[in-house]
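Position 1 is the first residue of the sequence; numbering continues from there. Note that the structure is a prediction, hence the values are computed from the model and not measured.
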Amino acid sequence: MASIWKRVRYDKEDTGTEVDDVSQEWGVSDISTVTTPQPSLEVPTVHKNIGIVSATTMGVSLMMGSGIFSTPASILNLVGTPSMALVLWGLGAVISFGGATAFIELGLMYQRNGGTMRFLAHAFPKPKLLLSYLFSWVMIVCIRPGAIAANGPVIGKYWLYAAGASNEEGWLARGVGFGCITFVTVLNAMSAKWTLRLINVLTVVKIVVILVIVVTGIVAASGGIHVEHNDNWSRGFSGTKGDAHAYASALTKVFWAYDGFTNLVYSLGELRRPERNLPWSIGGAVVIVGVLYILANVAFFIVVPIDVAINSEEILAAEFTFRVFGQSVGQIALPIMIGLSVLGAICAQTYGVSRLLDSANEVGFVPFGRRLCGNHRRLGTPVNALVMVYVLTLLYLLAPPPGKVFDLLVDFVQWSTWLFYGLAAAGAIVLRFTKPNHPLRTFKSFHPLNLLFIAFCAYITVVPFVPPSDGKQDTPYPFYLSPLLGLITTLLGIIPWYFRMVWWPQRTGVNLLAWIDDEDNQDTQMETVPDRPSISEQERASESSNDDKVGRVEHATSIGLNRLAP
């Protein structure tokens, strides 16, 4: 036991860089002793451990998580017909691509860990980085932990289905989810290298599963596999519902399945050759996933009758495989593989959010940051950040009572997610005018697509508060509960924002805003340097021979006037 503790403990020795610790605490005994750190334009020393393959698989792995396996039945129930459901899936691909182009532009401008947090800070710095802080708050407190908690029981349902359990609901599925979340957290803490390798492997698994579903659906449609005939596609749009609230809920679930193309931007500081790899990895992930999603939905409803599909809820894919392949393959092998694909999504989510928390600490958002954040000296991973996310995830996993927890958590985390994604896309447009000559803007997104993305983000954040037109609802909780919880959680972030960004600087004289100008100055200086100084010549040579070689993660220890020590 002592050896295990020695392996995971933090080494408290100084790394050689002295940083003023006042900005890490809420209070000090003698304010007169406070000194302000001196500015430095030193570029962070970050080892690049993400190549184009790992970058693409991070997006594909998170997008192709539980969404395509767990939401098609719910979406069908909300809109009434497979034809309209397919329209929404195609619309989701187009809109997501519009948002992805905005994130590519922003990611190339600000090539550091933190992603949307940094984008919002540079686009909307007033008042005192409020939007950036609120995004970091909801992402760390509810969006990612809630999403991981929603995915955990989905793994349990598929694996229990494969085991022949008569009831895949309730605490048993949550117990399986608990074990999977714990395993992923430990792996992320022990090795970034093996975490990325697992993400890559499980991404291959989920692509294989989707391709099997697509191909067998096509074969079934051509008569090569005998399945029960149904009128799912021949009915066209007959029976399609027209309730605006239902469509908002359906789009929320569609975008839940597409959410993930932004996952890479939280680890941009670890991406090699971002000017090439970022556009191809994010854009490629959206295109690959969009095509596979549409074909998978066609396959689902070729095989599974509409009434059976609706009643199957989150295990529609298992119902599909059982009808096509029978007992051994359809009910056991493929559901296990589907569960593994969802495990890959949890792994990618955990990897990304731990880096966001570390980045929030680096810019001064996190009080007591030396204790809560920073990389383990020996493991090179943000162990404390992972533990914090793990605790919050278990709260969302275990606190809700049995029932339709999945739908509640999905709608809850999605409200805040797309609110801030829409604001970030708006930020890309704003920065085109406020910083038209930014030296690192090597890619320009298409504004009409950005505006379409922003419009739909607004739609799915406003309409869920509108009651259903018929006054009926399929959930055991009020229709407004999920978006209301999202709104309340977001607004609660104003309290820590005020104390951290307003009260604390007034009390101590610490400037928590200057890092924005400092980063802009660094970017301007790096424009004149052919090779970014954070990449050694040895690493560049490694790129040419093996572009996806994974190295040890080392986060930056200094980024300028207010770069905070872990």
Identify the heavy atoms of [X] and [Y] that sit nearest to each other, and give their distance.
| X | Y | value |
| --- | --- | --- |
| Phe412 | Cys142 | CZ-CB, 3.7 Å |
| Leu88 | Val254 | O-CG1, 3.7 Å |
| Thr393 | Pro145 | OG1-CA, 3.5 Å |
| Thr490 | Ser416 | OG1-OG, 3.0 Å |
| Leu108 | Pro274 | CD2-O, 3.2 Å |
| Leu316 | Ala73 | CD2-N, 4.0 Å |

Side-chain donor or acceptor of [X] paired with backbone N/O of [Y] under 3.5 Å:
| X | Y | answer |
| --- | --- | --- |
| Trp503 | Arg500 | no |
| Ser281 | Leu278 | yes |
| Arg174 | Leu397 | yes |
| Trp497 | Lys128 | yes |
| Asp518 | Ala514 | no |
| Glu105 | Ala102 | no |
| Trp415 | Thr461 | yes |
| Trp137 | Leu492 | no |

>> Can you tell me if Phe97 has over 12 outside heavy atoms packed within less than 6.0 Å of its CZ?
In response: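 Atom CZ in Phe97 is not packed in, count stays at 12 or less.
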Compute the centroid of each ring, for [X] and then for [Y], and state whether the two points are separated by less than 6.0 Å.
| X | Y | value |
| --- | --- | --- |
| Phe499 | Trp504 | no |
| Tyr480 | Phe465 | no |
| Tyr258 | Tyr293 | yes |
| Phe103 | Tyr421 | yes |

> Yes or no on side chain to side chain contact (heavy atoms under 4.5 Å, CB included) for Phe135 and Leu423, after CA distance, side-chain angles and deciding distance?
Replying inline: CA-CA 10 Å; Phe135 169 77; Leu423 289 171; over 6 Å; no
[atom2] on [Y] to [atom1] on [X], rounded to 0.5 Å:
| X | Y | atom1 | atom2 | value |
| --- | --- | --- | --- | --- |
| Leu187 | Leu196 | CG | CG | 9.5 Å |
| Leu392 | Ile143 | CG | CD1 | 13.0 Å |
| Leu251 | Tyr459 | CG | OH | 6.5 Å |
| Leu431 | His122 | CG | NE2 | 8.5 Å |
| Trp89 | Thr71 | CH2 | OG1 | 3.5 Å |
| Ser132 | Leu513 | OG | CG | 10.5 Å |

> When you check the side-chain N and O atoms of Thr350 and Tyr390, is any donor under 3.5 Å from an acceptor?
Replying inline: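 Checked: Thr350/Tyr390 side chains show no N/O donor-acceptor pair below 3.5 Å.
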> Testing Leu512, Leu129, Ile140 for side-chain contact (heavy atoms from CB on, under 4.5 Å) with Phe365, which one passes?
Replying inline: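 Filter result, single survivor: Leu129.
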Considering only heavy atoms from C-beta outward, does the side chain of [X] approach that of [Y] to under 4.5 Å?
| X | Y | answer |
| --- | --- | --- |
| Tyr396 | Val413 | no |
| Val138 | Leu134 | no |
| Thr195 | Cys347 | yes |

> Is the NZ or CZ atom of Arg197 positioned over Trp194's six-membered ring, under 6.0 angstrom from the centre and within 45° of the axis?
Replying inline: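 Because its charged atom sits under 6.0 Å from the ring centre and within 45° of the axis, Arg197 does stack over Trp194.
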>> Between Phe119 and Val265, does the side chain to side chain contact (heavy atoms under 4.5 Å, CB included) criterion hold? Intermediate values first, please.
In response: CA-CA 10 Å; Phe119 306 159; Val265 301; 4.2 Å; yes
>> Using a strict threshold of under 4.0 Å (side-chain N to carboxylate O), is an ion pair present between Glu362 and Arg112?
In response: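 Answer for the salt bridge query: no.
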> Where do Asp259 and Trp418 land on the side chain to side chain contact (heavy atoms under 4.5 Å, CB included) test, with the steps shown first?
Replying inline: CA-CA 9 Å; Asp259 182 18; Trp418 295 97; 4.0 Å; yes
